[in-house]
Amino acid sequence: QVQLVESGGGLVQAGGSLRLSCAVSGDAFSRLAMGWLRQAPGKERAIVAAISWSGGSTYYADSVKGRFTISRDNAKNTVYLQMNSLKPEDTAVYYCATGPRSYFTASPREYVSWGQGTQVTVSS
């Protein structure tokens with residue numbers, strides 16, 4: 001059974017940076033796409049960024065393009081989300097999740113296994 005553990009969330013002022021990490025157990029990590037998704041209060045869970053199994057292809061939501069960077073280290077079974085120039089509207093619980101196959105999907109419903117989430121709060 002795949003387990004995902006996120007870390008790195010916290011409180012930061014607008015314009016600041018955070019780096020989220022997600023450690024994934026199991027042998028399938030290097031064969032699966034990974035995604036970072038977020039859910040703000042009163043809103044549906046939405047994709048933030050996704051990365052293919054090799055790291056060669058990435059996807060970003062329009063709202064984070066140019067500010068966030070997703071990466072992965074298959075030797076460490078870990079995926080990262082570097083978040084720069086944070087805005088108050090980035091405040092949410094951030095989740096990492098495994099994709100259903102090697103190439104990423106932008107649909108939250110297709111993600112298979114999820115972490116417990118980490119809170120990111122950006123103050124103005």
Side-chain angles (χ1 to χ4, degrees):
Q1 186 174 355
V2 177
Q3 291 186 323
L4 300 88
V5 179
E6 300 101 335
S7 61
L11 173 64
V12 64
Q13 288 188 331
S17 298
L18 284 173
R19 188 193 195 203
L20 305 184
S21 299
C22 174
V24 183
S25 67
D27 297 332
F29 176 80
S30 62
R31 300 191 297 274
L32 295 175
M34 294 294 299
W36 282 99
L37 303 95
R38 67 186 180 187
Q39 187 165 20
K43 295 188 177 181
E44 294 186 352
R45 200 168 293 188
I47 188 77
V48 175
I51 189 166
S52 63
W53 70 275
S54 66
S57 297
T58 55
Y59 168 88
Y60 295 95
D62 288 343
S63 59
V64 306
K65 281 181 182 176
R67 300 189 297 123
F68 290 11
T69 303
I70 188 171
S71 61
R72 66 189 295 161
D73 185 338
N74 285 349
K76 295 182 178 180
N77 274 27
T78 302
V79 61
Y80 305 96
L81 185 68
Q82 178 66 44
M83 306 186 293
N84 298 329
S85 301
L86 282 161
K87 304 175 180 180
E89 51 263 43
D90 294 319
T91 295
V93 177
Y94 283 71
Y95 301 88
C96 67
T98 60
R101 50 191 172 271
S102 60
Y103 201 73
F104 56 75
T105 173
S107 172
R109 292 179 298 177
E110 293 192 59
Y111 284 85
V112 178
S113 298
W114 296 74
Q116 81 288 353
T118 186
Q119 177 70 46
V120 171
T121 303
V122 185
S123 63
S124 58

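All figures in this text were calculated on a predicted structure; none of them were measured in a lab.
In the hydrophobic cluster analysis, where Ile, Leu, Val, Met, Phe, Trp and Tyr join through side-chain heavy atoms closer than 4.5 angstrom, Tyr103 is grouped together with Tyr111. The hydrophobic cluster containing Tyr60 does not contain Leu37, counting ILVMFWY residues as joined when their side-chain heavy atoms lie under 4.5 angstrom apart, directly or transitively.
Looking at Glu6 and Tyr94, their side chains never come closer than 4.5 Å, going by heavy atoms from C-beta outward. With a 4.5 Å cut-off on side-chain heavy atoms, Ile51 and Trp36 do not count as touching. Residues Arg45 and Tyr95 form a side-chain contact, since some pair of their non-hydrogen atoms from C-beta on lies under 4.5 Å apart. Residues Met34 and Leu4 form a side-chain contact, since some pair of their non-hydrogen atoms from C-beta on lies under 4.5 Å apart.
Here Ala46 pairs with nothing under the side chain to side chain contact (heavy atoms under 4.5 Å, CB included) rule; sequence neighbours left out. Taking the salt bridge (charged side-chain N to carboxylate O under 4.0 Å, His left out) definition, one finds that Lys65 meets it with Asp62, sequence neighbours left out. Taking Ser54 as the reference, nothing meets the side-chain hydrogen bond (donor to acceptor under 3.5 Å, both in side chains) condition, with sequence neighbours excluded. Listed by chain and residue number, nothing satisfies the salt bridge (charged side-chain N to carboxylate O under 4.0 Å, His left out) test with Asp27 (two or more places apart in sequence, or in another chain).
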Side-chain atoms of residues 7-22: list all donor-acceptor pairs with protein atoms under 3.5 Å, sequence neighbours left out, distances to 0.1 Å.
| residue | atom | partner | partner atom | Å |
| --- | --- | --- | --- | --- |
| Ser17 | OG | Asn84 | OD1 | 2.9 |

Just list the side-chain donor-acceptor pairs under 3.5 Å for residues 66-76, sequence neighbours left out, or say none.
| residue | atom | partner | partner atom | Å |
| --- | --- | --- | --- | --- |
| Arg67 | NH1 | Ser85 | O | 3.0 |
| Arg67 | NH1 | Asp90 | OD2 | 2.7 |
| Arg67 | NH2 | Ser63 | O | 2.8 |
| Arg67 | NH2 | Asp90 | OD1 | 3.0 |
| Arg67 | NH2 | Asp90 | OD2 | 3.4 |
| Arg72 | NE | Trp53 | O | 3.4 |
| Arg72 | NE | Asn74 | OD1 | 2.8 |
| Arg72 | NH1 | Leu32 | O | 2.8 |
| Arg72 | NH1 | Ser52 | O | 2.9 |
| Arg72 | NH2 | Phe29 | O | 2.7 |
| Arg72 | NH2 | Leu32 | O | 3.0 |
| Arg72 | NH2 | Asn74 | OD1 | 3.3 |
| Asp73 | OD1 | Ala75 | N | 3.0 |
| Asp73 | OD1 | Lys76 | N | 3.4 |
| Asn74 | ND2 | Trp53 | O | 3.1 |

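Rounding to the nearest 0.5 Å gives a distance of 14.0 Å between CZ of Arg38 and CD of Glu44. Considering CD of Gln3 and CD of Gln116, their distance stands at 10.5 Å, rounded to 0.5 Å. Of the inter-residue distances, the one linking Glu89 atom CD with Leu86 atom CG reads 10.0 Å to the nearest 0.5 angstrom.
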Report the C-alpha distance between Gln119 and Thr91 in whole Å, list the side-chain angles of each, state the deciding distance to 0.1 Å, and finish with yes or no for side chain to side chain contact (heavy atoms under 4.5 Å, CB included). CA-CA 8 Å; Gln119 177 70 46; Thr91 295; 4.0 Å; yes

Do Leu81 and Val48 pass the side chain to side chain contact (heavy atoms under 4.5 Å, CB included) test, and can you show the C-alpha distance, the side-chain angles, and the key distance before you say yes or no? CA-CA 9 Å; Leu81 185 68; Val48 175; 4.2 Å; yes

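Looking at every heavy atom in both residues, Ala50 comes nearest to Ile47 through CB-CD1, 4.4 Å. Taking both residues in full, the closest heavy atoms of Trp114 and Val112 are given as CD1-O, 3.7 Å, listed atom of the first, atom of the second, then distance. Gly117 and Val93 get closest at one heavy-atom pair: CA-CG1, 3.8 Å. Closest non-hydrogen pair, Asn77 versus Ser25, comes out as ND2-C, 4.3 Å.
Counted by atom type alone, Glu110 and Thr105 present one or more donor-acceptor pairs between their side chains at under 3.5 Å.
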